[in-house]
Amino acid sequence: MAVDTDKAHNRSNSTTSKASYAHHDDTGTPSSHHGSPESLKHQRLEASRKLANPLAGLSHERLYQMGEEYAVNAGLTSDEDLRAFRLGAVIASNQTDYSSISELTDREREVLERETTHKWSNPRMLYWVIAICSLCAAVQGMDETVVNGAQIFYKEAFGIAEDTWLIGLTNGAPYLCCAIVGCWVTEPMNKRFGRRGTIFISCAISALACFWQAFANTWYHMFIARFFLGFGIGPKSATTPIFAAECSPPRLRGALVMQWQMWTAFGIMIGYVADLAFYPVPDRGIPLGLNWRLMMGSALIPAVVVCCLAYVCPESPRWYLTKNRHKDAFASVCQLRHEKVQAARDLFYTHILLKAEEQTTANIGTRNRIKEVFTIRRNRNAMIASEIVMFMQQFCGVNVIAYFSSEIFREAGYSEVEALAASLGFGVINFLFAIPAFYTIDTYGRRNLLLTTFPLMALFMFFTGFSFWIPEDSPAHIGCIALGIYLFGIVYSPGEGPVPFTYSAEAYPLYIRAIGMSFATATTWFFNFVLALTWPSLLEAFRPQGAFSWYGGWNIVGFFLVLFLVPETKEKTLEELDRVFDVDLRRMMAFGARQAGWFWGRYVMRRKGGRKPVHPGEEGLDGDSGEEGEFLGEKKGVVGGMDGAERV
């Protein structure tokens with residue numbers, strides 16, 4: 001969930017803000033107090049473009065001057081630092097062409113070029129940050145799935161085995177907390193404690209909550225402990241991808257943020273391993289049982305490890321800048337880059353972006369930005385698309401399996417230990433097939449992946465549900481149920497697994513992205529809670545055949561929602577995204593119908609010829625409004641040093 005929610009509220013030196021960056025004050029975001037709706041829309045789009053590349057159009061001489069002035073005002077006055085910031089400012093304006101910068105040494109030029117040719121060649125400290133972020137994701141996964149096996153035992157111990165609503169409420173408690181509280185405390189925690197501090201606190205809360213769960217003796221005691229766990233899950237899930245993104249070089253940023261999904265899947269798998277490992281532990285006189293207590297408590301282990309290691313790595317340089325601690329920011333980023341010129345480039349560019357964000361916030365205001373999510377068509381359409389993919393991440397039914405697979409396999413006729421082993425199989429598949437998502441998401445596109453995987457997920461949901469009608473004395477009964485669940489996991493992992501957060505992070509224009517991602521995160525956690533709450537009762541009322549078919553039906557709904565309302569965002573510049581989303585919904589839906597008809601005729605009926613439909617936002621230069629030049633497209637690729645990965 002990878003978006004920066006920590007806006008800059010620092011008040012930097014007046015000399016720096018007024019003298020050094022007069023250019024940006026002169027060309028900043030226009031005031032929004034007056035003007036027609038069309039003029040207002042242009043102002044907002046200009047604000048987004050300004051945030052995309054605030055250094056566009058400046059001469060090398062001006063950039064040299066700005067870099068040196070920033071270094072002086074930040075107290076970085078050694079000759080080496082001044083040189084680094086002079087060159088860094090020039091590189092920041094165009095991070096793909098270094099041929100015109102003759103002052104670079106051969107070593108510096110080589111390191112800059114290797115950012116493209118060998119993007120995984122980085123200092124060890126950066127990989128230490130990656131390791132900690134990966135552990136955080138594993139903590140998240142374990143927090144979510146150790147309950148899968150433990151509930152087999154504690155629902156009997158607590159006397160709630162027959163009350164499906166209490167079972168669902170207890171299991172879904174962390175996600176209820178995330179939706180109503182956890183997501184909304186992330187920003188103040190980040191502002192007060194920093195990225196490392198928020199990660200440390202959230203992992204400490206997770207560890208304490210896991211320990212607490214292991215000592216619960218009633219269902220409401222377990223509910224309170226699990227609700228408290230949400231204070232660890234929510235801020236950690238939002239902050240860790242931000243921390244990874246702010247510490248990594250631009251061209252590595254998308255891949256590192258994507259690792260959150262992969263290592264969360266790894267943690268889910270380890271949660272199943274813990275369930276299976278502690279299953280045979282005898283009670284040893286412990287009231288209400290011991291094995292499920294060890295299952296619930298085991299998730300504290302990686303959380304404690306993260307707490308021990310969190311402060312070994314450097315803090316986010318961007319966070320230091322928001323606190324006006326420029327020397328600390330430079331020291332931090334120097335640990336994460338090979339050469340000082342790289343560090344100066346990234347720090348200077350981040351500072352300029354923060355100034356542009358401050359100006360945008362001052363001109364528009366937070367309240368107006370929230371309003372404009374709904375009132376400006378480009379923003380509203382992005383919100384609709386984002387909310388669809390986030391909602392469907394839950395209502396595709398994946399977390400029904402993640403949280404209740406052991407109960408599902410027991411319903412199919414497995415013994416307890418066989419059900420736990422079969423759940424582990426799902427965890428392994430979920431992890432292994434999350435790995436190809438690094439390749440598929442930027443190769444085939446977000447929309448294409450969803451349109452391909454939704455019908456398959458529907459098919460496998462129906463297949464799993466209908467397999468319960470196979471006679472229980474037939475070996476095919478449990479075999480087909482397991483096969484359907486595993487095939488579902490295979491197609492989910494490269495589709496609805498990684499796409500929603502990636503899509504939501506790039507759909508919104510920059511000036512409202514943090515607000516949009518707050519809506520998106522709250523949506524996914526709320527419907528996660530709804531899923532966990534209702535599944536036990538749904539299973540009892542609909543039986544397995546109807547319950548799985550229910551989510552199979554939702555996958556069909558998801559296919560048509562994506563077809564009609566979710567445009568492609570892969571490799572699109574900010575200008576192109578503005579055009580794609582600023583389209584009347586009726587035209588967008590008509591395009592989806594034409595695309596489906598073209599696909600049917602071309603690949604099913606094998607008809608030759610016929611022009612492939614083009615999205616109305618990509619037809620010519622006049623977009624939907626009929627005004628030529630409203631959204632001028634530009635060549636795909638790096639825009640002001642910001643590649644597709646940096647949109648997150």
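As a basis for the values below, the full set of heavy atoms in this structure was taken, side chains included, without hydrogen atoms, waters or symmetry mates.
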For [Y], is there any backbone N or O sitting under 3.5 Å from a side-chain donor or acceptor partner on [X]?
| X | Y | answer |
| --- | --- | --- |
| Arg196 | Cys313 | yes |
| Thr264 | Gly141 | no |
| Glu315 | Tyr320 | no |
| Thr322 | Trp319 | yes |
| Arg345 | Ala92 | no |
| Glu339 | Val341 | no |

What heavy-atom pair brings [X] and [Y] nearest, and what distance separates the two atoms?
| X | Y | value |
| --- | --- | --- |
| Ser134 | Gln259 | OG-OE1, 3.9 Å |
| Ala179 | Trp184 | O-NE1, 3.1 Å |
| Asn381 | Phe581 | ND2-O, 2.7 Å |

(request) With sequence neighbours excluded, tell me which residues meet ring pair (Phe, Tyr, Trp, His ring centres under 6.0 Å) with His615. (result) Phe591
(request) Go through the side-chain N and O atoms of Gln65 and Glu61 and say whether any donor and acceptor fall under 3.5 Å apart. (result) no
(request) Before accepting this row, confirm whether a basic side-chain N of the pair Glu506/Arg446 lies closer than 4.0 Å to the acidic partner's carboxylate O. (result) yes
(request) Report the C-alpha separation of Asn324 and His326 in whole Å, then their side-chain angles, then the decisive distance to 0.1 Å, and conclude whether the side-chain hydrogen bond (donor to acceptor under 3.5 Å, both in side chains) test is met. (result) CA-CA 6 Å; Asn324 216 16; His326 297 271; 2.8 Å; yes
(request) Only one of Glu103, Glu68, Glu108 passes salt bridge (Lys or Arg N to Asp or Glu O under 4.0 Å) with Arg83; say which it is. (result) Glu108
(message) Taking the ring of Phe85 and the ring of Phe348, is the distance between their centroids below 6.0 Å?
(response) no
